[in-house]
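Beneath this line is the structure, given in structure tokens, with notes to follow.
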Amino acid sequence: MDKNLISIQISDQLPLWSAPFALDILEYVDYSYDKNVLDIGCGTGFLSIELAQRLGIKSHVYALDIEKTAIKKLNDKIRMFGINNIESVAIDFYQYTIENNFFDLIVSCNGFNNLSDIDKAFSKCYKMLKPHGHLLISQNLPQTMMDFYKALENVLDERGLSDSIEKLHEHIYIKRKSIDYLLTSLKDNGFIINTVNESSFNYKFRDYKAMFGYHEIKYNFYDAWRNILPQGQAELLLDEAGKRLNEKSINNGGIELNIPYCFIECIKE
């Protein structure tokens with residue numbers, strides 16, 4: 001295969017959104033022995049590919065995602081990069097079956113946020129891990145993009161849309177659990193917590209229209225925001241919240257959205 005084409009594909013392998021969440025995971029992996037690894041919610045495979053290549057061909061990475069399109073993209077990269085130690089599976093994690101005590105390492109880069117029952121997921125991970133196996137997870141926290149959510153909540157409050165405010169709070173809770181919630185659930189499911197790191201990164205925009213048009217917001221957030229608002233008013237309400245962000249950002253050089261996240265390293269007893 002043309003090396004220039006491969007080089008171009010490699011240069012496009014790093015997703016800006018996923019990278020911060022993955023760095024701690026990659027840093028805390030023990031590379032000193034061969035492993036069976038499970039990547040939950042692998043997406044298009046950024047973390048799976050990094051682990052498969054860094055651990056070497058005697059290790060095996062099982063990459064799971066419910067989205068068939070994402071797995072197809074991962075498979076295209078596996079073929080192009082000539083990787084032989086990744087097995088990709090398009091499946092709901094709760095439907096995935098494998099023998100107990102099989103994996104040395106389970107990782108998830110912002111994947112648990114998309115699962116319907118995190119407690120059930122942690123229980124399943126515990127069963128699949130070998131004794132002394134490690135679970136490494138990272139995900140964004142409830143304060144993610146909170147400046148925008150506060151602006152939207154103020155707009156809803158002024159219009160007496162209390163039902164939409166409740167839906168907004170529910171949306172945040174369902175998609176982003178607190179560190180305390182995660183740690184309690186992990187401990188309840190038998191894990192020993194070794195490491196907890198908190199960090200954050202920022203997205204900056206000229207104004208709210210640029211923010212709404214940004215691909216990460218446009219395709220992964222905007223529709224969810226619109227769906228919690230009254231039909232026929234959603235765009236107007238979102239625009240009003242955006243305008244308030246603009247006013248707040250006049251002296252700050254643009255809109256800034258903060259993305260706090262956590263990394264947790266734990267071990268099976």
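Residues take their numbers from the sequence shown, with the count starting at 1. In this text, all values refer to a predicted model and were calculated from it rather than measured experimentally. Side chains are part of it too, since the values below use all heavy atoms of this structure and drop only hydrogens, waters and symmetry mates.
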Legend entry - Worked verdict on Lys167 versus Asp163 for salt bridge (charged side-chain N to carboxylate O under 4.0 Å, His left out): CA-CA 6 Å; Lys167 290 180 181 178; Asp163 287 348; over 6 Å; no
Inset, instruction - Share the residues that join Ile267 in a hydrophobic cluster, the rule being Ile, Leu, Val, Met, Phe, Trp or Tyr side chains under 4.5 Å apart at the heavy-atom level. - result: Ile192
Legend entry - Lys150 and Asp147 ion-paired at < 4.0 Å: no
Legend entry - Under 3.5 Å: donor-acceptor pair, side chain of Asp65, backbone of Gly43: yes
Legend entry - Flag side-chain contact, heavy atom, 4.5 Å: Glu216 against Met211: no
Legend entry - Co-membership, hydrophobic cluster, residues Ile40 and Phe191, 4.5 Å side-chain: yes
Inset, instruction - Could you tell me if the ring centre of Phe212 sits under 6.0 Å from that of Tyr208? - result: yes
Legend entry - Any side-chain heavy-atom pair of Tyr31 and Leu26 under 4.5 Å: yes
Inset, instruction - May I ask you to check whether Tyr62 and Phe103 place their ring centres under 6.0 Å from each other? - result: yes
Inset, instruction - Mind checking the NE2-CD spacing from His171 to Glu166? Nearest 0.5 Å is all I need. - result: 15.5 Å
Contacts under 3.5 angstrom, residues 82-95 side chains, donor-acceptor by atom type, not counting sequence neighbours:
| from | atom 1 | to | atom 2 | distance (Å) |
| --- | --- | --- | --- | --- |
| Asn85 | ND2 | Ala52 | O | 2.9 |
| Asn85 | ND2 | Gly56 | O | 2.9 |
| Asn85 | ND2 | Ser59 | O | 3.2 |
| Ser88 | OG | Asn75 | OD1 | 2.4 |
| Asp92 | OD1 | Tyr94 | N | 2.9 |
| Tyr94 | OH | Asp117 | N | 2.8 |
| Tyr94 | OH | Asp117 | O | 2.7 |

Legend entry - Side-chain touch Phe21/Ile259, heavy atoms, less than 4.5 angstrom: yes
Inset, instruction - Could you check Asn246 against Ile255 for side chain to side chain contact (heavy atoms under 4.5 Å, CB included), going step by step and ending with a plain yes or no? - result: CA-CA 7 Å; Asn246 279 3; Ile255 290 173; 3.4 Å; yes
Inset, instruction - Would you give the length of the straight line joining atom CG of Asn100 to atom NZ of Lys130, rounded to the nearest 0.5 angstrom? - result: 13.0 Å
Inset, instruction - Report the C-alpha distance between Ile71 and Cys42 in whole Å, list the side-chain angles of each, state the deciding distance to 0.1 Å, and finish with yes or no for side chain to side chain contact (heavy atoms under 4.5 Å, CB included). - result: CA-CA 8 Å; Ile71 292 298; Cys42 66; 3.7 Å; yes
Legend entry - Between Asp30 and Ser32: side-chain donor-acceptor atoms closer than 3.5 Å: yes
Legend entry - Salt-bridge present (Glu247, Lys243; N to O < 4.0 Å): no
Legend entry - Side chain to side chain, Trp17 and Asn110, heavy atoms closer than 4.5 Å: yes
Inset, instruction - Evaluate the side-chain proximity of Leu51 to Lys35: yes if any heavy-atom separation is below 4.5 Å, no if none is. - result: no
Legend entry - Atom pair OH/CD of Tyr261 and Gln139 - distance to nearest 0.5 Å: 13.0 Å
Inset, instruction - Write down the atom of Ser249, the atom of Gly254, and the distance for their closest heavy-atom approach. - result: CB-O, 3.2 Å
Inset, instruction - Enter the distance from Asn202:CG to Lys204:NZ here, rounded to the nearest 0.5 Å. - result: 6.5 Å
Inset, instruction - List the atom of Pro142, the atom of Ile172, and the distance in Å for their closest heavy-atom pair. - result: O-CG2, 3.7 Å
Legend entry - Test item: side-chain donor near acceptor, Asp119 and Tyr181, under 3.5 Å: yes
Inset, instruction - Locate the shortest heavy-atom distance separating Leu135 from Cys125; write the atom from each residue and the value. - result: CD1-SG, 4.4 Å
Legend entry - Whether Asn227 side chain and Asp223 backbone form a donor-acceptor pair below 3.5 Å: yes
Legend entry - Rounded distance [0.5 Å steps], OG in Ser108 versus CD1 in Ile264: 11.0 Å
Legend entry - Ring geometry between Phe205 and Tyr203 (parallel below 30°, tilted from 30 to 60°, perpendicular above 60°): parallel
Legend entry - Closest contact, heavy atoms only, Leu129 versus His134: CD2-O, 3.6 Å
Legend entry - Atom pair SG (Cys266) and CG (Leu186), whose distance is rounded to the nearest 0.5 Å: 4.5 Å
Legend entry - Single-linkage hydrophobic cluster Leu115~Leu141, side-chain heavy atoms < 4.5 angstrom: yes
Legend entry - Stacked cation flag Lys177 on Tyr173, 6.0 angstrom / 45 deg: yes
Inset, instruction - Could you check Gln143 against Asn258 for side chain to side chain contact (heavy atoms under 4.5 Å, CB included), going step by step and ending with a plain yes or no? - result: CA-CA 8 Å; Gln143 293 299 311; Asn258 185 248; over 6 Å; no
Legend entry - Sole residue of Val196, Leu136, Leu23 in side-chain contact (heavy atoms from CB on, under 4.5 Å) with Phe263: Leu136
Inset, instruction - Give a yes-or-no answer on whether the side chains of Ser48 and Asp39 include a donor-acceptor pair shorter than 3.5 Å. - result: yes
Legend entry - Heavy-atom side-chain contact between Tyr126 and Glu269 under 4.5 Å: yes
Inset, instruction - Would you indicate whether the side-chain heavy atoms of Ile137 and Phe122 approach each other to under 4.5 Å? - result: yes
Legend entry - Co-members of the apolar cluster containing Tyr219 [side chain, <4.5 Å]: none
Inset, instruction - Kindly indicate whether the side chain of Lys268, heavy atoms from C-beta on, has any atom under 4.5 Å from the side chain of Asn101. - result: yes
Legend entry - Pair Val29-Arg54, side chain to side chain contact (heavy atoms under 4.5 Å, CB included): steps then yes or no: CA-CA 10 Å; Val29 170; Arg54 293 185 187 207; over 6 Å; no
Inset, instruction - Check Glu265 against Thr195 and note the closest heavy-atom contact, atom names and distance. - result: OE1-OG1, 2.5 Å
Legend entry - Side-chain H-bond candidate by donor/acceptor type, Lys175 with Asn114, under 3.5 Å: yes
Legend entry - Closest non-hydrogen atom pair, Tyr222 against Lys218: CB-O, 3.8 Å
